[in-house]
Amino acid sequence: MTESTTSPSTPTGATEPLITVDVWTDVVCPWCYIGESRLHDAIAAEGLEGQVHVRAHSFELDPTSPTDAVRDNIAHLVAAKGMPEESVREMEAQIQGMAQELGREYVIGRPMANTRGVHRVLQAIREVSGIDAATGYFMDLQRGYFTGASNPFDAETVVARAVEAGLPEDAARAAFAGETHEAEVEADVREAVQMGARGVPFFLFNDTYTAPGALPLDAFRQALRQIAEETRSERAQS
């Protein structure tokens with residue numbers, strides 16, 4: 001991990017968690033899905049359930065993805081990366097194996113398009129209902145995408161999830177269509193880039209330590225253990 005100089009807000013008061021984890025992520029990012037699962041497992045393994053506050057932030061995996069068409073993710077990667085289809089399928093199968101080792105489903109054939117609308121809705125929910133509701137909306141949509149349960153490029157699916165998170169329907173539709181919250185998405189991305197992010201997932205622990213990529217489970221456990229010990233020590237001295 002490396003130290004960061006930025007300081008996003010953290011909860012205060014008696015219920016303040018031991019650890020805050022800010023994660024910049026994209027709904028269609030396979031490594032984000034793997035990384036979130038490993039983080040979840042690491043929290044459980046370290047006995048830190050209820051003591052880690054995870055907050056999702058916007059970052060697009062591929063801002064050049066088409067906004068006016070949805071196509072198969074295999075075809076998208078073949079076109080975007082210039083990779084042979086066989087290589088793309090092998091890569092997807094490897095990630096599927098990792099997900100299955102973590103007890104997660106992973107559907108190889110998925111829709112693919114530009115994710116900007118999902119991020120604008122994330123920002124709208126954050127403004128109206130708070131970061132926890134926004135994070136829940138986003139993580140639920142991401143898990144549904146990789147298990148084949150939801151399509152983040154379908155307006156009705158995204159709007160329904162946003163309404164469940166407390167966002168009025170008209171506000172959700174406006175954000176998804178690009179009428180609002182563009183600047184907030186840009187601000188999230190810019191913050192991550194200033195800390196050195198070049199892709200996602202990108203993690204910030206307790207406003208201090210940054211870590212790029214889907215860390216191995218043991219690395220997540222070590223980081224959480226170290227930071228929890230530091231926090232307990234600091235609080236004991238204050």
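Within the 4.5 Å cutoff, side-chain heavy atoms of Asp22 are placed close to those of Asp207. The shortest distance between side-chain heavy atoms of Ser65 and His76 falls below 4.5 Å. For the pair Leu141 and Thr157, the minimum side-chain heavy-atom distance is below 4.5 Å. Looking at Glu92 and Arg110, their side chains come closer than 4.5 Å, going by heavy atoms from C-beta outward. When side chains are defined from C-beta on, Asn206 does not count as touching Glu234, because their heavy atoms never get closer than 4.5 Å. Between Glu36 and Val54, the closest side-chain pair of non-hydrogen atoms is not below 4.5 Å.
A donor-acceptor pair under 3.5 Å links the side-chain atoms of Asp72 to the main chain of Ile74, judged by distance alone. Of the possible donor and acceptor atoms, none in the side chain of Tyr137 sits under 3.5 Å from a partner among the backbone N and O of Glu164. No donor-acceptor distance shorter than 3.5 angstrom exists from the side chain of Arg104 to the backbone of Ala99, with no hydrogens or angles considered. In terms of modelled atom types and a separation under 3.5 Å, the side chain of Thr115 and the main chain of Glu60 share no donor-acceptor contact. Counting only distance, with no hydrogens or angles, the side chain of Asn73 and the backbone of Pro111 share no donor-acceptor pair below 3.5 Å. A donor-acceptor contact shorter than 3.5 Å is absent between the side chain of Ser233 and the backbone of Glu229. At distances below 3.5 Å, at least one donor-acceptor pair connects side-chain atoms of Arg38 with backbone N or O atoms of Ala214. In this structure, the side chain of Ser238 engages the main chain of Arg235 through a donor-acceptor pair within 3.5 Å. The closest donor-acceptor contact from the side chain of Thr147 to the backbone of Gly144 lies under 3.5 Å. Here the side chain of Asn114 pairs no donor or acceptor atom with the backbone of Thr67 at under 3.5 angstrom.
Residues forming a side chain to side chain donor-acceptor pair (under 3.5 Å) with Gln142 (at least two apart in sequence, or on another chain): Thr25. With sequence neighbours excluded, the residues satisfying ring-ring contact (aromatic ring centres under 6.0 Å, His included) with Phe138 are His119.
Note that the CD atom of Glu191 and the CG atom of Leu204 stand 7.5 Å from one another [nearest 0.5 Å]. Glu101 CD to Met98 CE: the interatomic distance, rounded to the nearest 0.5 Å, is 7.5 Å. For the atom pair CD of Gln51 and CZ of Arg232, the computed distance is 6.0 Å after rounding to the nearest 0.5 Å. One finds the CZ atom of Phe202 at 4.5 Å from the OG1 atom of Thr210 (value rounded to the nearest 0.5 Å). Taken from OH in Tyr106 to CD1 in Ile34, the straight-line distance is 7.0 Å, to the nearest 0.5 Å. Atom NE2 of His181 and atom CD1 of Ile125 lie 10.0 Å apart (nearest 0.5 Å).
More than 12 heavy-atom neighbours from other residues, nucleotides or ligands sit within 6.0 angstrom of CD on Glu184. For CD of Glu182, the number of neighbouring non-hydrogen atoms (other residues, nucleotides, ligands) closer than 6.0 Å is greater than 12.
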For this session: For salt bridge (charged side-chain N to carboxylate O under 4.0 Å, His left out), just list the numbers for Glu186 and Arg116, CA-CA rounded to whole Å, side-chain angles, deciding distance to a tenth of an Å, and then say yes or no.
Result: CA-CA 10 Å; Glu186 286 293 338; Arg116 194 77 168 190; 2.5 Å; yes

Problem set entry | Test side-chain contact (heavy atoms from CB on, under 4.5 Å) applied to Leu77 and Met91, step by step | CA-CA 11 Å; Leu77 286 172; Met91 179 180 68; 3.8 Å; yes

Exercise. After noting the C-alpha distance and the side-chain angles of Gln226 and Glu230, does the key distance pass the side chain to side chain donor-acceptor pair (under 3.5 Å) rule?
Worked result: CA-CA 6 Å; Gln226 174 188 329; Glu230 289 178 359; 3.2 Å; yes

Exercise. Yes or no on side-chain contact (heavy atoms from CB on, under 4.5 Å) for Thr180 and Glu127, after CA distance, side-chain angles and deciding distance?
Worked result: CA-CA 12 Å; Thr180 66; Glu127 182 179 278; over 6 Å; no

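A chain of hydrophobic side-chain contacts below 4.5 Å, direct or via other Ile, Leu, Val, Met, Phe, Trp or Tyr residues, connects Phe59 to Leu61. Side-chain heavy atoms closer than 4.5 Å link hydrophobic residues (I, L, V, M, F, W, Y) into clusters, and following such links, even through other members, never connects Ile131 to Val200. Val107 and Ile95 sit in two unconnected hydrophobic clusters of ILVMFWY residues. Membership requires side-chain heavy atoms under 4.5 Å apart, directly or through other members. Both Val28 and Ile108 sit in one connected hydrophobic cluster of ILVMFWY residues. Membership requires side-chain heavy atoms under 4.5 Å apart, directly or through other members. Leu217 and Phe205 fall into different hydrophobic clusters, where Ile, Leu, Val, Met, Phe, Trp and Tyr residues are linked whenever their side-chain heavy atoms come under 4.5 Å apart, directly or through other members.
Classification of the Phe146-Tyr33 ring pair by plane angle, with boundaries at 30° and 60°, yields parallel.
Of the charged side-chain nitrogens involved, at least one lies within less than 4.0 Å of a carboxylate oxygen, so that Glu169 and Arg173 count as a salt-bridged pair.
In this structure, Val163 belongs to a hydrophobic cluster whose other members, linked by side-chain heavy atoms under 4.5 Å apart, are Val159.
Residue Pro152 comes nearest to Val158 through the heavy atom pair O-CG2, 3.3 Å, listed as atom of the first residue, atom of the second, then distance. The two residues Glu49 and Ala44 make their nearest non-hydrogen contact at OE2-CA, 3.4 Å. Residues Leu102 and Asp41 come closest through the heavy atom pair CD2-OD2, 3.6 Å. In terms of heavy atoms, Ala133 sits closest to Ala165 at CB-O, 3.7 Å. Listed here is the closest heavy atom pair of Ala113 and Ala69: CB-O, 3.2 Å. When all heavy atoms of Cys32 and Cys29 are compared, the closest pair comes out as SG-SG, 2.6 Å.
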